[in-house]
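For reference, the structure is listed below as structure tokens.
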Number of protein chains: 2
Amino acid sequence: MINEDQMIEEMFNLDGDLTERQKNILAAAIESFAEKGYSATSTKEIAQKAGVAEGTIFRHYKTKKELLMSIVTPMMIKLMAPIIIKDINKVLNHDHETFEDFVRAMIDNRRKFLKNNVKIIKIFIQEIPFHPELKEQFMEHVGSKVFTRLRQIIEHYQEKGQIINLPIDTVIRLTGSTIIGYFVTRYGILPDADWDDEAEVDSTVKFLMKGLAPEQ
Amino acid sequence: MINEDQMIEEMFNLDGDLTERQKNILAAAIESFAEKGYSATSTKEIAQKAGVAEGTIFRHYKTKKELLMSIVTPMMIKLMAPIIIKDINKVLNHDHETFEDFVRAMIDNRRKFLKNNVKIIKIFIQEIPFHPELKEQFMEHVGSKVFTRLRQIIEHYQEKGQIINLPIDTVIRLTGSTIIGYFVTRYGILPDADWDDEAEVDSTVKFLMKGLAPEQ
DNA sequence: AATAAAAGTGAGTACTCACTCACTATCGGG
DNA sequence: CCCGATAGTGAGTGAGTACTCACTTTTATT
């Protein structure tokens, strides 16, 4: 079986060939945007941190906002693509017999990615309220597709009688709150606490399954 | 029985006597900070929106940041005070016989407040990553106290055998994720969807109770 | 080695920023 | 009715701000 993550990587050809300096600029921008926010970060500051003249930034990115977008957009696609491409097939092919299998696979699968991209995700979450284009782009390219897929998946397991017959959007909200709540506390709020990840994930998934169990 | 909210109001004497212009400044600042963020909002803009000279802002607030703090701090205290003052007593006095009673009371109690203060809470959440003083102030004045109280409350219901014997912090995380997840989707992400609030709260609380039920 | 395209530079531009200050207007107590 | 205090003003200040452009250096292709 081929490496599916690699497949996705190539399919979108994200962050293609970059010069050394361009990589420095991106790294510096990510650092500063995450720490101080887009608006409070000056292009001068980014240039200094990247060891580059200010003009160099604008050679590659027409505006400061374009720089922001070039950081956030590829991450967004990489984060969501598996849900659209892989997960649904695995569900429909009965690779995940139970909803629990599916949830555990999803957490496992996304954990590494999240861990490696905390800063970019932080930027994305912090900036989304202030940049309508960002929200639109998200909804257009991934948001709506992801929701459609998730609805199909939930419906599938509801029909199999594995989860309670609440409105699908409510099930998505409860599942999302639980999983995102875990990731946010784990990597956002208390990244330095000593976590027993295996135990926490286990408690979280069991909590979710018990909570969503059908009324007997 | 006296009105406890009023008691809290008076106890802290929050947002005391303000001139008409000062109220305008606050309202304008809240509007702009929530919409564009603290950093992207200029004092000139606030002054114009408030119908006031720019100097007037600095007569009342030494710096722009002081203006931000004067908006966010009282809200923070008002939001958390009930947990510290009222809720714990009600629990220990057996006013809430079950954990479910407690959770429902807490949601009911905080809903109105949240609804009336969405913008300020939005500002608080958006700005906390960029202002260490804000985080410190929060932890010092309310955060730590609230967590201590919550731990006592959870422990109390665990001893009564009403909820599962997971680590207390895990229970707090799961409960918090579920409730905050509801409020965030309800008032933050999809405030304009047509919500059947009663049904949603009911599903949410039932989900939480089933998820936290002790192993039989 | 010649050459054109691409990458990199940094001083300069027009503009905005938070904040100041000398001044005026309003108000409440004796 | 006066007076001190508080509230309100808006032009002014120096330090940024994102972005430009004429120029130099590096790279790839023949």
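The chains referred to below are lettered A, B, ... by the order of the sequence lines, with proteins before strands, and numbering in each begins at 1. No hydrogens, no waters, no symmetry mates; every other heavy atom, side chains included, goes into these values. Here the structure is a predicted model, which is why all the values come from computation and not from measurement.
- Here B:K206 pairs with B:D202 in a salt bridge; the nearest charged N to carboxylate O distance falls below 4.0 Å.
- With a cutoff of under 4.0 Å to any heavy atom of chain B, the contacted region of DNA chain C is bounded 5' to 3' by C:dC17 to C:dA22.
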What nitrogen or oxygen pairs link the protein and nucleotides 4-8 of chain D at under 3.5 Å?
{"from": "D:dG8", "atom 1": "OP2", "to": "B:H60", "atom 2": "NE2", "distance (Å)": "2.7"}
{"from": "D:dG8", "atom 1": "O3'", "to": "B:R21", "atom 2": "NE", "distance (Å)": "3.4"}
{"from": "D:dG8", "atom 1": "N7", "to": "B:R59", "atom 2": "NE", "distance (Å)": "2.9"}
{"from": "D:dG8", "atom 1": "O6", "to": "B:R59", "atom 2": "NH2", "distance (Å)": "2.9"}

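- The pair B:R104-B:E100 meets the salt-bridge criterion, with a side-chain N (NZ, NE, NH1 or NH2) lying under 4.0 Å from an Asp/Glu carboxylate O.
- In this structure, the side chain to side chain donor-acceptor pair (under 3.5 Å) partners of B:Y187, at least two apart in sequence or on a different chain, are B:R111.
- Ion pairing between a basic and an acidic side chain is recognised when a charged N comes within 4.0 Å of a carboxylate O; B:E45 and B:K36 show such pairing.
- Ion pairing between a basic and an acidic side chain is recognised when a charged N comes within 4.0 Å of a carboxylate O; B:K90 and B:D101 show no such pairing.
- Ring-centre distance between A:Y38 and A:F130: not below the 6.0 Å cut-off.
- Salt-bridge annotation for B:K65 and B:E133: present, with a side-chain N of the basic residue lying under 4.0 Å from a carboxylate O of the acidic one.
- In terms of the side chain to side chain donor-acceptor pair (under 3.5 Å) criterion, residue partners of A:E200 (sequence neighbours excluded) are, by chain and number, B:T170, B:R173.
- Ring-plane geometry between A:F207 and B:F207 is classed as perpendicular, the angle between the planes exceeding 60 degrees on a 0 to 90 degree scale with a lower cut at 30.
- A heavy-atom distance below 4.0 Å to DNA chain D is reached by these residues of residues 33-42 of chain A, ordered by number: A:T41, A:S42.
- In this structure, A:K44 and B:G55 both approach DNA chain D, and ranking their closest nucleotides by distance from the 5' end singles out B:G55.
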Donor-acceptor contacts, no H, no angles, side chain residues 46-59 of chain A, under 3.5 Å, sequence neighbours left out:
{"from": "A:K49", "atom 1": "NZ", "to": "A:S32", "atom 2": "OG", "distance (Å)": "3.0"}
{"from": "A:E54", "atom 1": "OE2", "to": "A:T43", "atom 2": "OG1", "distance (Å)": "2.9"}
{"from": "A:T56", "atom 1": "OG1", "to": "A:A53", "atom 2": "O", "distance (Å)": "3.2"}

